[in-house]
Each structure stands twice: as structure tokens, then as C-alpha cells.
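Below you'll find the structure, written out as C-alpha cells, and then a few comments.
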Amino acid sequence: YKEDGKGYADAMFSAVQKDDEFITEVEYMDGNKLICIGDRNIYAFDLWGNELWTKPITNKISFAKFSGKQKVVLAYGEPHSNVEGEEAGTVEWINLSGRTEAKYSTGENINYMSVGKNAAIVGSYNKFTGISDQGKQLWEYKSPQDLSDMLFINGNDTVMCVGKTSARIV
């Protein structure tokens, strides 16, 4: 299959049904894996619909993104009812084997997330934090204006801040 997964859906020979699960994201990843993010679990399936693994999700998901074709990045909100979960504002990197590779807690509710190849930018209103996929804070930026987007440029050291009427590099 091509790297972008073209032809993958045509090659699937089965279907999978998960009762009481709302699947919000589906992505073709490296190793011919289909990653499905639900409201209570993350699943990995192979080409034939065989479930490779399941990882329970203890919190409401604020954002779900994919880092390249190798990792899932989740930003968590409040824990689900009657479940001990992560602190709201936690970002988690999950590899294609379903294992947690890194976590970072911002200590604040996350209302923005952008993901690059090896890092993520999370925001809480006008405060933004760059976080490596090793769970280390790279930088923090407090914007003097409202931003609609923040994107990595040329790796993880340079960021473009996009406002309503302008964009600038920081």
C-alpha cells in the first residue's frame, strides 16, 4: 500500500462492530494498522479486521491527533464518571503497540492542540506550551493577542503564530 494508506480501505475484508462505543477518529498508520479512537477505548486493527490491541481511555478527550503515521497524541479533559483518570490538561503519546510513550500535564484545561512530527503545541487561552514526544516541555509562549493557529516550522524550534489579521514567526 502507498504510504498515505490509499487502497487500504479497498483491501479490508471484514467489518468490526463495537457496542456502546462512539468512534470519533480512524486513521491508517504504519505497519498496515487501522487506529480507531473511541470515547472509551483506542483500538488497533489489521487488514482483516482482527483486533490487535485495546487501550482504555479514562478521560474525556479534548483533542485527538496523529503524529506522522507512528503515534497517537491525546489531550485529556476531565475523567469519565466513576473512573480514576488522568489530570485534566494531560497530553499522552501512544505508540502503535498501544503503549504510553510519554505524558505531560499542563495543569490547565487544553483548548488548542497542534501536532508536529516529534512534538505538540497545546494551548490554554493565550498560553501555549511546546512539548516533545518524550514528555518534556520545550518552551512556553504567552501571546499578547488571540491566535487561531500555531504551527511548527522547520522542526520544533520555530513556530508560526496565526492571528485574525496577521501571522508571525517566533
Side-chain angles (χ1 to χ4, degrees), residues 21-31 33-45 52-163 167-170:
E21 185 85 28
F22 182 69
I23 303 297
T24 58
E25 301 281 338
V26 177
E27 185 76 17
Y28 170 81
M29 304 291 274
D30 284 350
K33 291 182 180 176
L34 196 63
I35 302 295
C36 304
I37 301 174
D39 57 341
R40 301 263 178 199
N41 296 286
I42 299 176
Y43 302 95
F45 297 97
L52 302 172
W53 52 263
T54 301
K55 181 175 179 67
I57 296 173
T58 58
N59 290 55
K60 296 175 184 172
I61 297 174
S62 299
F63 293 91
K65 305 275 185 173
F66 299 93
S67 179
K69 297 288 182 184
Q70 295 87 30
K71 297 177 188 173
V72 177
V73 185
L74 300 178
Y76 292 124
E78 296 296 323
H80 290 300
S81 299
N82 302 319
V83 175
E84 186 175 323
E86 301 292 336
E87 177 183 12
T90 297
V91 180
E92 180 177 21
W93 279 262
I94 301 164
N95 68 22
L96 294 183
S97 297
R99 289 188 298 274
T100 298
E101 287 200 349
K103 287 183 188 177
Y104 179 88
S105 179
T106 65
E108 301 178 40
N109 288 328
I110 295 172
N111 59 17
Y112 175 83
M113 185 164 81
S114 173
V115 175
K117 185 174 180 182
N118 297 311
I121 300 170
V122 294
S124 180
Y125 302 99
N126 284 356
K127 179 182 169 190
F128 296 88
T129 306
I131 309 164
S132 76
D133 63 356
Q134 302 300 307
K136 307 282 187 223
Q137 181 176 322
L138 299 171
W139 47 262
E140 188 173 283
Y141 175 71
K142 292 182 181 175
S143 176
Q145 64 180 12
D146 289 338
L147 298 177
S148 59
D149 217 349
M150 231 177 159
L151 306 166
F152 286 112
I153 300 174
N154 299 327
N156 299 332
D157 295 326
T158 308
V159 175
M160 179 170 53
C161 300
V162 181
R168 66 179 181 200
I169 309 243
V170 295

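This structure is a prediction, so every number in the text was calculated from the model and none was measured. Residues take their numbers from the sequence shown, with the count starting at 1.
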(message) Test: side chain to side chain donor-acceptor pair (under 3.5 Å). Region: residues 113-126. Which pairs qualify, not counting sequence neighbours?
(response) Glu108-Ser124
(request) Determine which pairs satisfy ring-ring contact (aromatic ring centres under 6.0 Å, His included) with at least one residue from residues 55-76, sequence neighbours left out, and list them in order. (result) none
Measuring from atom [atom1] of [X] to atom [atom2] of [Y], what distance do you get when rounded to the nearest 0.5 angstrom?
X      : Y      : atom1 : atom2 : result
Ser81  : Glu78  : OG    : CD    : 10.5 Å
Ile169 : Cys161 : CD1   : SG    : 9.0 Å
Asp39  : Phe22  : CG    : CZ    : 7.5 Å
Met150 : Met113 : CE    : CE    : 15.0 Å
Ile131 : Lys103 : CD1   : NZ    : 13.5 Å

(request) Return the set of residues passing salt bridge (charged side-chain N to carboxylate O under 4.0 Å, His left out) with Glu27 (not counting sequence neighbours), or none when no residue passes. (result) Lys69
(message) If the condition is salt bridge (charged side-chain N to carboxylate O under 4.0 Å, His left out), which residues does Glu140 pass it with, not counting sequence neighbours?
(response) Lys127
(message) If you compare all heavy atoms of Ala64 against all heavy atoms of Glu25, which two are closest, and at what distance to 0.1 Å?
(response)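 Closest approach of Ala64 to Glu25, heavy atoms only: CB-CG, 4.1 Å.
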(request) Return the set of residues passing side chain to side chain donor-acceptor pair (under 3.5 Å) with Gln145 (not counting sequence neighbours), or none when no residue passes. (result)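 Scan of Gln145 (side chain to side chain donor-acceptor pair (under 3.5 Å), adjacent residues dropped) gives none.
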(request) Could you tell me whether Lys55 and Glu92 have a side-chain N and a carboxylate O separated by less than 4.0 Å? (result) yes
(message) If we ignore hydrogens and angles and just use 3.5 Å, is the side chain of Ser67 paired with the main-chain N or O of Gly116 as donor and acceptor?
(response) yes
(message) Is any side-chain heavy atom of Glu101 closer than 4.5 Å to one of Asp133?
(response) no
(request) Could I get the full list of ring-ring contact (aromatic ring centres under 6.0 Å, His included) partners for Tyr112, not counting sequence neighbours? (result)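 Here the qualifying residues are Phe128.
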